[in-house]
Undergrad: 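Take a look at the following structure, please.
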Number of protein chains: 2
Amino acid sequence: MPHAVPSGRVGFLLARAGGRAIRNLNRALEPFGLRSRHYTVLSASAEQGGLSQRELGEVLGVDPSAVVSLVDDLERAGLVRRDSHPDDRRTRVVVVTEAGRSTLDTTRELARGVDDELLAGLSEDERRTLERLLLRLAS
Amino acid sequence: MPHAVPSGRVGFLLARAGGRAIRNLNRALEPFGLRSRHYTVLSASAEQGGLSQRELGEVLGVDPSAVVSLVDDLERAGLVRRDSHPDDRRTRVVVVTEAGRSTLDTTRELARGVDDELLAGLSEDERRTLERLLLRLAS
DNA sequence: TATTGTTATACTCTATAACTATA
DNA sequence: TATAGTTATAGAGTATAACAATA
């Protein structure tokens, strides 16, 4: 049975592949008690150092109210801290702890593995092309 | 603020773009009382003519129990029928009605429009490349 | 015994509205 | 007035298990 690809094909293909990526990463992260969205929050906090929760939501395309509960989970697990912002007492800056950094090192490998599996049929060149095109989609 | 793209980058980009595509299509379909998953079921049923519900689920990557309620909705709206299978009395074949075909003609244009908007930044060549690469991702 | 469809259920994800404390 | 964070909530998506009818 061939795959059915409806018109509006690309949106469908993106959604299906994205869903698969998320499910696979969730499965890989299960032993850590984390899910893919925790990983993206942890990763962005580490790589962009000290984002506010609002910034995290913006950058990751996640609703602010969802960021709160994701950071709650990560804080409870000791992987991030909420620090106060020097200039604005409303704002809370999310900082990755040492434990968080260590967890991130491990889970990053898992995320790479999930990507590798998904992209198994593509050459290195094709992977770069795909990534470049995805980065240029309308945001 | 640049976009944060964690390692496991491609999976993240796919999920974000796919989510956007689904949300946009849901919004476009709202006047029809349909959502994107109804559209994919309707589209696959029309283009592959008379699939069983199990086949629909397989082809679209949707859980069988979800197919039931999607087909329920479409049947209630008069867009598909459940016919009996000639050789297997367990199986129910999903057939698009005339009304369904007409709705599909209209909604297909909406789906194309959503794709167009998402792909606005890419040339025709780049769009074809993207689609071709997406079709080759691990299923 | 295995499969198709179905129902029930639970959990995650997404989105919105309302509130507080600050700006 | 507006913004950052928070809480509560509801709807959609996803997944699993159990069951009836049929193979």
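Order of the sequence lines fixes the chain letters, A, B, ..., with proteins taken first and strands second; residue numbering starts at 1 for each chain. Not measured: the values here are computed from a predicted model.
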Undergrad: Select from A:Gln53 and A:Arg27 the residue whose nearest nucleotide in DNA chain D is closer to the 5' end of that strand.
TA: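 The residue mapped nearer the 5' terminus is A:Gln53.
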
Undergrad: Let me know the distance between CG of A:Asp63 and C1' of D:dG11, rounded to the nearest Å.
TA: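 Between C1' of D:dG11 and CG of A:Asp63: 14 Å.
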
Undergrad: Could you tell me whether A:Glu75 and A:Arg82 have a side-chain N and a carboxylate O separated by less than 4.0 Å?
TA: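 Yes, charged N to carboxylate O under 4.0 Å.
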
Undergrad: Closer to the 5' end of DNA chain C via nearest nucleotide, is it B:Ser52 or A:Arg35?
TA: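 Its nearest nucleotide being more 5', the pick is B:Ser52.
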
Undergrad: Without decimals, in angstroms, what is the distance between A:Leu51 CG and D:dA4 P?
TA: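 These atoms are roughly 13 Å apart.
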
Undergrad: Rounded to the nearest Å, what distance is computed from the CD atom of residue A:Glu58 to the C1' atom of nucleotide D:dT3?
TA: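 Whole-Å distance recorded here is 12 Å.
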
Undergrad: How would you list, by chain and number, every residue that makes a salt bridge (Lys or Arg N to Asp or Glu O under 4.0 Å) with B:Asp105, sequence neighbours excluded?
TA: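 So B:Asp105 forms a salt bridge (Lys or Arg N to Asp or Glu O under 4.0 Å) with B:Arg108.
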
Undergrad: Are A:Arg128 and A:Asp125 within salt-bridge range, i.e. N to O under 4.0 Å?
TA: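 A salt bridge is present here (some side-chain N lies under 4.0 Å from a carboxylate O).
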
Undergrad: Tell me whether the side-chain N/O atoms of B:Arg90 come closer than 4.0 Å to OP1 or OP2 in C:dT6.
TA: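 No, because none of the side-chain N or O atoms of B:Arg90 sits under 4.0 Å from OP1 or OP2 of C:dT6.
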
Undergrad: Measure the distance from CZ on B:Phe12 to C1' on C:dC13 and round it to the nearest whole Å.
TA: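 One finds 15 Å between C1' of C:dC13 and CZ of B:Phe12, rounded.
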
Undergrad: If you take all heavy atoms of B:Ser123 and B:Glu126, which pair is closest and at what distance?
TA: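 Taking B:Ser123 first and B:Glu126 second, the nearest heavy atoms are N-OE1, 2.8 Å.
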
Undergrad: Starting from the 5' end of DNA chain C, give me the residue, B:Val93 or A:Gly61, whose nearest nucleotide shows up first.
TA: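 First, find each residue's nearest nucleotide; the 5'-ward one identifies B:Val93.
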
Undergrad: Closer than 4.0 angstrom, basic N to acidic O: yes or no for A:Arg27 and A:Glu30?
TA: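 Not counted as a salt bridge, because no side-chain N and carboxylate O are separated by less than 4.0 Å.
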
Undergrad: If I take atom CG in residue A:Leu34 and atom P in nucleotide C:dT12, what distance separates them, rounded to the nearest angstrom?
TA: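 Checked: the CG to P distance equals 13 Å.
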
Undergrad: Just how far, in rounded Å, is C1' of C:dC11 from NE2 of A:His38?
TA: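 It works out to 13 Å between those atoms.
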
Undergrad: Near DNA chain D, under 4.0 Å by heavy atom, which residues of residues 66-89 of chain B?
TA: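 Those residues whose heavy atoms fall under 4.0 Å from DNA chain D, taken from residues 66-89 of chain B in numerical order, are B:Asp88, B:Arg89.
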
Undergrad: Could you tell me if A:Glu98 and A:Ser102 have a donor-acceptor pair between their side chains, going purely by distance under 3.5 Å?
TA: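 There is no such pair between these side chains.
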
Undergrad: When you measure from the side-chain N and O atoms of B:Arg54 to the phosphate of C:dT4, is any distance below 4.0 Å, counting only OP1 and OP2?
TA: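 The answer is yes; a side-chain N or O of B:Arg54 sits under 4.0 Å from OP1 or OP2.
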
Undergrad: Please state whether the phosphate of D:dG13, meaning OP1 or OP2, lies under 4.0 angstrom from any side-chain nitrogen or oxygen of B:Arg37.
TA: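 Checking B:Arg37 against D:dG13: at least one side-chain N or O falls below 4.0 Å of OP1 or OP2.
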
Undergrad: Flag the pair A:Arg54 and A:Glu58 as a salt bridge only when some basic side-chain nitrogen lies within less than 4.0 angstrom of an acidic carboxylate oxygen.
TA: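 Answer for the salt bridge query: yes.
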
Undergrad: Whole-Å distance between C:dA15 C1' and B:Glu30 CD?
TA: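 After rounding, the gap between these two atoms is 12 Å.
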
Undergrad: B:Asn24 CG to C:dT14 P: how many Å, rounded?
TA: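 Answer to the nearest Å: 14 Å.
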
Undergrad: What about B:Thr91, does its side chain sit under 3.5 Å from the base of D:dT22 through a donor-acceptor pair?
TA: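 No pair found.
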
